[in-house]
Amino acid sequence: MSGYRLPRGGAHVERDRPFSFRFDGEPMHGLAGDTLASALLASGRVLVGRSFKYHRPRGVMSAGPEEANALVAMRTGARHEPNTRATMTELYEGLEASSQNRWPSLAFDMMAVNDRLSPLFSAGFYYKTFMGTGQASWHFCEHFIRKAAGLGRGTHLADPDRYEKRNAFCDVLVVGAGPAGLMAARVAAAQGLRVILADENARPGGRLHEDGATLDGRSAADWIAHELHELERHGVRVMPRTTVYGYFDGNVLGAVERVADHKPAPEPHEPRQRHWTIHARHVVLATGAIERPLVFSGNDAPGVMLASAGLAYAQRHGVAVGRSVVIFANNDGGARTALALDRLGVSIKAVVDIRREIPSALAADLGARGIRLETGAVVAATRGRKALAGVDIRGFDPVSGALGANIMQPSCDALLVAGGWTPSVHLASQAGSPPVFDEQLQSFVPGTPREAWTACGAAAGALDLAACLEGGRDAGLAAAAACGAGKGSLSPLPGLEGAAGAEYPLPVFDVPAGGRAKRFVDFQHDVTADDIELSNREGFRSVEHLKRYTTLGMAADQGKTSNVNAIALMARARGLSVPQVGTTRFRMPYTAVAIGALAGRETGHHFAPLRRTPMHDWHLAQGAEMMSAGIWMRPRAYFRAGETLREAYVREATMVREGVGLVDVSTLGKIDVQGPDAAEFLNRLYANGFARLPVGKARYGVMLREDGIMFDDGTAWRLAENRFLVTTTTANAGPVLAHMEHYLEVVWPELRVHVTSVTDRFAAMAIAGPAARKVLQAALTDGDVSNEACPHMGIVRGRIGPHEVRIARLSFSGELAYEVFCDWPAGLAVWEALLAAGRPERIAPYGLEALGTLRIEKGHITGAEMDGRTTLADVGLGGMASQRKPYIGSAMTLRPALVDPARPVMVGLVSSDGIPIRAGSHLTARGGGASLGHVTAVTWSPALKAHIALAFLSGGRERHGEALEAAFPLKDERVAVTVTVPCFYDPDGSRMHV
């Protein structure tokens, strides 16, 4: 193909705004309004990539999201992005792109030897060649296969751009801004509805740009501009460059807006992409249709492309895709495209139509323009490897499928193929029953909805402009009726002149092999017609099996141009009709979605929302190293200059033991429990009693699962006769709330109780240490925390400055300690006030490492000990379980396995020779042997000046003082330890009762 810029035309480009760009380092030029694909074609670039498996030369195939060949790597450095569709990439000044899947260069690719070895790489060759020869062979080959697999290569550098997530709510979402979508949006908006119109392209209008019609006397461009003005007047939100990629339950749709992909880099205030979660009462699917290729020998040669694409490049960008063009079709679209291109100045050598006859008017128009027409003929093969050089045209009997005599072998540099249209049923299939085969279209149309949507236009099988406009109007009215809107004023359908009719194909999908070249069905995964026949012979005949055995339709293009052809070929091989074979279900995403767009701003953690406490920025400013705890970010330690982690947490823990420290515990789960039966409800939930807890007191409690295993621990503060504030561990806030709601709704619906999460209603901090009372009292402007006013487990109210606080005397560290709760917005102010009041006592904050050290010294449990296998008795809390009342799990606590004397119970360990103990180590006898238990938590104890640990040990209570080994096989380490009680420090608790 030898493309070039036409001297006129190109409705989308600005000829007075040239852009420079580079492809594979070669400087090139394009125009504002070009896509990368159109600019490459205008520059005469033929070869743009190499295919996935065989490394065959490939060129541009389409002009839209269905592109299977022209996948390029965009940008450099940290913004490098592989597998970008050149057809959807808008050109900008300085754009840099490179070809993929080649070495050492695109023109000379060493891996092209795969094409010569293609008999070894037929469908299923992985299983038959490698995995069937034994594991050793597979493991040897796997490294090389994985290295060769894939197309582009990503970057290991951090993405410098940011992404956003938004929610949008509307009455009607219209997906697709072609003629049907524009009409549907305008009609729905005229009924007073809130409408969003989303389209994946930068410019609305769809195929209307190529139709050649006038609407109400206006050109297509003018009519589109008029409709957009009307939509703006009615308050419609028009979202260009926005791909709706997924349709989910409840009429929720996912969309990605490409905010800055058409720029070298986002502006300082811009995200690169924005993810939209759109909640719609009704959806109009005006997603259009995609032209199909035909299957014949050499149909993947650079220079072979869809006829609709050839016309789009000429009409929109003023680019001729070749200097000598042949068109091959099984419908009227071939002749219509030839006439349109000829009028634009593109040289058409011949039109080859599989049908024996075409409409006489079209034939006459071709003759009048001197374009040769060959009917009852096919392109049997192509010539040329790195660029199309010519085609072989032969006679063809569409009834028998037999090739006839040679007709001509013209030279040409572009072949445009029109094989019929495939409605884009992807979103409809995600939210409906399987697609239905339409005999006239020879393709699938949307099935029965299971969500509130209406399909219209080409997506519903209406291939002519008049039917698209009428369908759009009807869909807009249907959406309005579904939303209960009254009928407003309706504009009549526009008058049409020069509109093309529908293009219904002859049901011929492929041409018998006319040469040695392969006949490709799936261009992106290099699946051939022979692969489909092989799949049938080997028993993989179901469309789902065919898909997986051949990998057809599993590439980034999701089979947009290949699925229907593949199903038709399998149907013929099986002697069935296409609807009998059926189609696979379409899954999201419709096109690839960047993980960054799904993550949004929540980065730096693993697949969960990122939550911060009110004091987060303060922590960072004070040198805190943050770490994730559940879905929260919490300080690990506050580092001073030159400190190691151990030095930092030892300093912090020592400070708490000897003076006073402050820790942020805002992340604790907090649940408000209210109602006349609140005390009874908690009494049933917790293993210990809560019915008689006095108002103004807190109590530590443990919840069990129904099988008697520990679920969560925390405190319950009785704020009033019918109201409690329950705290949970940070990680279990959600599960505990769900646990409570389940029992209230399903098991005890008679209880008059309401539970509400107030986790982010209150900020919380714990002040601990011998000077804790003195500092807290100094900070209070109102309130009393003396031993008499606030004894251990007591609750008082007060004020710190203007902020109301609620205080409970609780201790996780074993020292005198208080938890201070305040309104979330006041958290930082209260935190700073406590620090200011504590300066004379040298107060400082402490993090999770110090908190862990303090709790291990006291033998307090966390999630490491409540690992889904332990009971109250295992951790030494069996005595707190009530013997007077039933509670969740009480009936199961006496199961033989749970009271077995050999059951592992919690013990303490001290390193005998000063070597650190590893968490996860197995406990064995000295010298080795069977595992007797495992280590759950370890630390260096500044109070004991020793390495200590908590562990579970079979028969542990009878083994205090025994010498064992903590073995860590992964590192081949064994540490001598001595078993002791799990409470290493202040076992009588006198320090927290002062």
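All figures in this text were calculated on a predicted structure; none of them were measured in a lab. Sequence positions, counted from 1, serve as the residue numbers for this chain.
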**Study point:** Check ion pair E26-R45 (N to O, under 4.0 angstrom)
**Key:** yes
Check your understanding: If you measure only the distance, is there a donor-acceptor pair under 3.5 Å linking the side chains of T375 and D353?
Key -> no
**Study point:** Quiz item: cation-pi between R323 and Y4, 6.0 Å / 45°
**Key:** yes
Practice item. Answer yes when R572 and D510 have at least one side-chain N-carboxylate O distance shorter than 4.0 Å, and no when they do not. Key: yes
Check your understanding: Taking NZ, NE, NH1 and NH2 as the nitrogens, is one of them in R85 or E67 under 4.0 Å from a carboxylate oxygen of the other?
Key -> no
Exercise for review: Measure from the side-chain N and O atoms of Q524 to the backbone N and O of A556, and report whether any donor-acceptor pair falls under 3.5 Å.
Suggested key: yes
Review point. Which residue pairs pass the salt bridge (Lys or Arg N to Asp or Glu O under 4.0 Å) test when at least one of the two sits in residues 556-566, sequence neighbours left out?
Key: none
Exercise for review: Name all pairs fulfilling the salt bridge (Lys or Arg N to Asp or Glu O under 4.0 Å) condition that reach into residues 294-308, sequence neighbours left out, sorted by first residue then second.
Suggested key: R56-D300, R58-D300
Exercise for review: Would you check if the distance from the ring center of F328 to the ring center of F296 is below 6.0 Å?
Suggested key: yes
Point to revise | D526 and S51 side chains, donor-acceptor separation under 3.5 Å | key: yes
Point to revise | Check: S38 side chain, D34 main-chain N or O, donor-acceptor pair, under 3.5 Å | key: no
Revision key, fill the gap. In this structure, OG of S308 is separated from CD of E503 (nearest 0.5 Å) by 9.0 Å
**Study point:** Electrostatic pair K518-D530, nearest N-O below 4.0 angstrom
**Key:** no
Review point. Ion pair present between D332 and R355, side-chain N to carboxylate O less than 4.0 angstrom?
Key: yes
